[in-house]
Structures are given as structure tokens and as C-alpha cells.
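Note on naming: letters A, B, ... go to the chains in the order of the sequence lines (proteins, then strands), and numbering restarts at 1 for each one. The model shown is predicted, which means the values in this text are computed figures rather than measured ones.
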Protein chains: 2
Amino acid sequence: MCVSNRDLFHGFSLQSVDDKGRVAIPADLRETLDANSPAKQVLITRHPTLPCLVCYDAGWAQELNDRLNNLARAAKAEGRPFDEAAERRGLRAEKATYDANGRFVIPSYERDRAGIGKWAFFVGDSDTFQIWSPEQLVAADIDDDDLKDRCRHYAAAKKVTL
Amino acid sequence: MCVSNRDLFHGFSLQSVDDKGRVAIPADLRETLDANSPAKQVLITRHPTLPCLVCYDAGWAQELNDRLNNLARAAKAEGRPFDEAAERRGLRAEKATYDANGRFVIPSYERDRAGIGKWAFFVGDSDTFQIWSPEQLVAADIDDDDLKDRCRHYAAAKKVTL
DNA sequence: CCATTTGACCCCAATTTTCCCCACAATCAT
DNA sequence: ATGATTGTGGGGAAAATTGGGGTCAAATGG
């Protein structure tokens with residue numbers, strides 16, 4: 001089960017959020033979405049611990065679901081305890097479609113909780129990608145100075161003051 | 001485990017960076033990139049400890065990701081602690097495509113952090129290759145006199161003063 | 001039930017950025 | 001030397017991002 005033949009999400013980008021709440025998914029990440037699933041859709045969840053969003057394609061959602069089912073079956077067969085309901089909560093997600101320009105509307109609950117305003121910082125993370133409010137990121141109490149630094153660099157390049 | 005029949009990166013070269021930020025990947029290294037992945041792309045990260053960049057092909061990225069997923073699964077199955085988010089940070093990378101002449105644009109954050117100006121020193125390192133600012137390399141507080149010496153030699157050959 | 005509002009989509013257009021292509025210089029191998 | 005490959009410079013074409021309409025349908029409230 002080594003080769004899943006999926007494209008990975010790589011790259012970083014600071015994108016503007018317009019007055020309608022739309023953001024363009026950076027071309028690099030969108031390319032991966034399109035490669036992994038023909039549906040022009042992106043699944044959006046809150047990160048379990050960090051104040052950011054986690055996004056992926058429909059194919060990855062299926063993969064996660066399959067794995068969970070396999071774990072549940074194995075646990076049951078071996079009589080181990082397995083809180084399937086809890087595990088399944090981690091798979092809940094919003095679904096959004098993106099248009100020909102690669103834009104979608106960040107669902108209001110997710111946008112609100114991630115504190116996303118005028119700008120959205122995209123972070124490719126292999127099987128998924130994250131979306132941060134740049135302001136939240138640089139202020140966050142996390143051990144990832146490089147990401148914060150990178151965010152500042154991208155902000156400066158677009159003349160955005162955080 | 002996957003039998004990955006991969007070519008290795010070998011060789012050294014000092015390349016110029018033009019006004020657009022473009023640099024040609026030396027032919028030896030490019031050959032390996034092409035052999036390992038049909039995508040004309042190179043993934044670029046910062047070295048975890050040294051002031052240089054680490055680059056590799058998309059196939060190696062997939063290999064690293066597969067290994068990480070397997071480790072995470074094993075750890076979970078055996079109830080061992082595993083900081084997946086931290087491990088995953090090491091896999092984050094910028095993606096750049098190179099043209100028919102083998103040139104790509106060094107992403108501005110990476111270029112900035114590696115202190116790369118007019119010249120880029122390429123170092124084959126088996127599964128990956130490194131890109132150094134020659135000035136940073138010879139001044140770096142590292143125990144690799146041979147590499148520094150080699151860099152000076154290449155610089156002298158191109159009449160570059162460091 | 002009908003009028004009005006809201007908002008989700010879709011299309012078009014301008015600007016910026018990237019990348020593709022061609023020509024030429026330098027280097028290497030024969 | 002000379003032809004082939006590799007590296008370098010620059011301009012034009014294509015794509016990405018962003019702003020702003022318009023249209024249709026569901027929801028709201030008279």
C-alpha cells in the first residue's frame with residue numbers, strides 16, 4: 001500500500017479575499033486538486049488543534065474514510081476498543097465548489113473561526129493544504145518560526161501590513 | 001517497502017543567477033530529475049540546520065510522504081506517541097517548474113534566506129541536491145573544508161570573487 | 001400568493017505575473 | 001577546428017489573480 005498515485009500539495013501563497021468572500025486557490029494547489037479528483041470541489045475542515053483550516057480533494061476524503069473503516073474492522077476483529085464515532089467526527093467537512101477562475105467562498109463558520117479577513121495564507125502540506133489568517137499565524141503560539149517568517153515575507157512582498 | 005529505482009544526484013556546479021532570478025540546473029543534476037520524474041519540476045526547501053537549500057524531484061517527495069504516513073500508522077497502531085504535524089513540517093516545500101533550458105526561478109523567500117545573490121553553487125547529495133550562496137558557504141561555520149575549498153576552486157575558474 | 005431581498009454562480013475584463021520561445025555565447029568532445 | 005551540448009539574455013505570449021457586473025433561485029415577509 002505504498003503507491004497511492006496521488007499528487008501532493010506543495011507551495012505557499014498569500015491570496016486576497018474579496019468583498020464577496022471569494023478567494024482564488026493558488027494555481028499550484030489547484031493543479032493538485034484537479035489531478036486527484038475531477039470534481040471542481042474542495043473539502044474544508046477546521047484543524048484539530050491549530051487555528052487554521054485544513055483542505056483536501058474528494059479523493060483524499062475517500063481514502064481517509066476507507067482507512068477508518070479498515071481500522072474499525074481490524075479493531076472489532078481483534079476485540080480492541082475503538083471509538084468509531086469520535087474518529088468519524090474528524091472526517092466531517094464542508095464542501096465548496098470553485099469556479100473557472102479557481103475561486104470559492106470560504107464557508108462562513110470556518111472563515112470566522114480561523115479569523116480570516118482580507119487575506120488568506122495557503123500552505124501546501126502534502127496530502128492536504130492549510131489556510132491561515134496571516135494575522136493569526138504570526139500571532140499564534142506555535143513552534144513554527146519558519147512558517148511565521150515565511151508569512152511575513154509574503155506579506156511584505158504584497159505590501160500587506162499584518 | 002517500495003523498491004524505488006531512483007537515480008542519484010551527483011556533481012557540483014557554480015551557476016549564475018540572472019536579473020529575473022532564473023538559474024539553470026546543471027545538466028548532470030537535471031538528468032537525474034528527469035529520470036526520477038516526468039514532471040519538469042523541482043521541489044525546494046530550506047535545509048533544517050544549514051544556511052542552504054535542499055532540492056529534489058516529485059518522486060522523492062512522494063517517497064518521503066509515504067514513509068511518514070507509514071510511520072504515523074505504525075505509531076498509532078502500537079500506541080506510541082508521534083508528532084505527525086512536526087514531522088510533516090519537514091516535508092513542506094516550494095515547487096518550481098524548469099523550462100526547456102533547465103532554468104527555474106528560485107522562490108524569493110528561499111533565495112532570501114539562503115542569501116543567494118548573483119551566483120548559486122549546486123551540490124549533488126545522493127537523494128537530494130543542495131544550493132548554496134557561494135559567499136555564505138565559504139563563510140559558514142561548518143566542518144566541511146573540502147566543500148568550501150571546492151567552491152573557491154569553482155569560483156576562481158569562473159573568475160568570481162567571493 | 002406575490003413582491004422583494006439575499007446570496008450563490010457564472011461570465012467578462014483588466015492587471016499583474018509567470019513562463020515559453022528564440023537567439024546567441026560559452027563550453028565540451030570529438 | 002568544428003559540431004553538439006549547455007548556459008545566458010531578453011521580448012512576447014499566455015496564464016493567474018482580482019474586481020465588478022448580471023442572472024437565477026431560494027428564502028423572507030407582506
Side-chain angles (χ1 to χ4, degrees), chain A residues 9-35 39-42 44 94-112 116-122 124 129 131 134 153-160, chain B residues 9-35 39-44 94-111 116-122 124 129 131 134 153-160:
Chain A
F9 296 101
H10 288 300
F12 308 83
S13 184
L14 184 64
Q15 304 286 97
S16 82
V17 182
D18 70 16
D19 294 339
K20 296 179 180 179
R22 294 178 299 184
V23 241
I25 303 167
D28 287 343
L29 301 177
R30 199 185 329 151
E31 212 174 278
T32 300
L33 282 174
D34 290 337
K40 295 279 186 183
Q41 292 181 338
V42 58
I44 305 155
E94 280 274 9
K95 186 166 65 177
T97 65
Y98 50 93
D99 64 21
N101 294 335
R103 285 189 293 194
F104 73 103
V105 178
I106 306 179
S108 104
Y109 173 72
E110 277 76 12
R111 178 172 178 185
D112 186 67
I116 293 171
K118 185 78 192 68
W119 296 94
F121 186 60
F122 287 73
F129 63 90
I131 306 179
H153 180 95
Y154 278 71
K158 296 214 172 187
K159 305 194 195 324
V160 177
Chain B
F9 296 100
H10 289 302
F12 309 84
S13 182
L14 184 64
Q15 304 284 98
S16 83
V17 182
D18 72 16
D19 293 341
K20 294 182 179 178
R22 292 180 300 185
V23 60
I25 303 167
D28 289 343
L29 301 177
R30 199 185 329 155
E31 211 174 283
T32 299
L33 282 174
D34 290 336
K40 294 279 187 183
Q41 292 181 338
V42 59
L43 292 169
I44 306 154
E94 278 279 10
K95 185 167 65 177
T97 64
Y98 51 92
D99 63 21
N101 296 331
R103 284 187 296 189
F104 72 101
V105 178
I106 306 179
S108 120
Y109 177 71
E110 276 76 12
R111 180 173 177 183
I116 293 171
K118 185 76 192 70
W119 297 94
F121 185 59
F122 286 73
F129 62 90
I131 307 179
H153 177 87
Y154 277 73
K158 297 214 174 188
K159 305 193 195 327
V160 177

Distance-only check: which donor-acceptor pairs under 3.5 Å involve side-chain atoms of residues 18-27 of chain B, not counting sequence neighbours?
residue, atom, partner, partner atom, Å
B:D18, OD1, B:K20, N, 2.8
B:D18, OD1, B:G21, N, 3.1
B:D18, OD1, B:R22, N, 2.9
B:D18, OD2, B:R22, NE, 2.8
B:D18, OD2, B:R22, NH2, 3.1

B:Q41 atom CD is separated from C:dT18 atom P, nearest whole Å, by 16 Å

With heavy-atom distances below 4.5 Å as the criterion, would you say the side chains of A:K158 and A:W119 are in contact? yes

What is the distance, to the nearest angstrom, from the NZ atom on B:K159 to the P atom on C:dA25? 19 Å

Closest-nucleotide mapping onto DNA chain C: is A:D28 or A:Y98 further toward the 5' terminus? I mean the 5' end. A:Y98

Euclidean distance, atom CZ of residue A:F104 to atom C1' of C:dG7 [Å, nearest integer]: 17 Å

Min side-chain heavy-atom separation B:R111-B:V17 under 4.5 Å: yes

Return the polar atom pairs (N/O with N/O) between nucleotides 9-16 of chain D and the protein under 3.5 Å, or none.
residue, atom, partner, partner atom, Å
D:dG9, N7, B:R103, NH1, 2.8
D:dG9, O6, B:R103, NH2, 2.6
D:dG10, N7, B:R22, NH2, 2.7
D:dG10, O6, B:R22, NH1, 2.7
D:dG11, O6, B:K20, NZ, 2.4

Going from CD on A:E31 to CG on A:L33, what distance comes out if it is rounded to the nearest 0.5 angstrom? 10.5 Å

Heavy-atom count check: over 12 atoms from other residues, nucleotides or ligands less than 6.0 Å from B:H153 NE2? no

Taking the side chain as every heavy atom from C-beta outward, state whether B:S13 and B:D28 have any pair of such atoms under 4.5 Å apart. no

Quick one: list whatever passes ring-ring contact (aromatic ring centres under 6.0 Å, His included) with B:Y98, sequence neighbours left out. none

Can you list everything that forms a ring-ring contact (aromatic ring centres under 6.0 Å, His included) with B:F12? Sequence neighbours excluded, please. none

How far does the helix from C:dC1-D:dG30 to C:dT30-D:dA1 bend, going by the axes of its first and last five pairs, to the nearest 10°? 30°

A:K40 and A:D34 ion-paired at < 4.0 Å: yes

What's the CH2-P distance between A:W119 and D:dT17, to the nearest Å? 13 Å

Protein-nucleotides 28-30 of chain C N/O pairs closer than 3.5 Å?
none

CG of B:L14 versus C1' of C:dT27: gap in Å, rounded? 15 Å

To the nearest 0.5 angstrom, please state how far the CD1 atom of B:I116 sits from the CD1 atom of B:I131. 6.0 Å

Just wondering, do A:P134 and A:V160 contact through their side chains at under 4.5 Å, heavy atoms? no

How would you label the contact of B:K40 with the nucleic acid (heavy atoms, under 4.0 Å): base, sugar-phosphate, or nothing? nothing

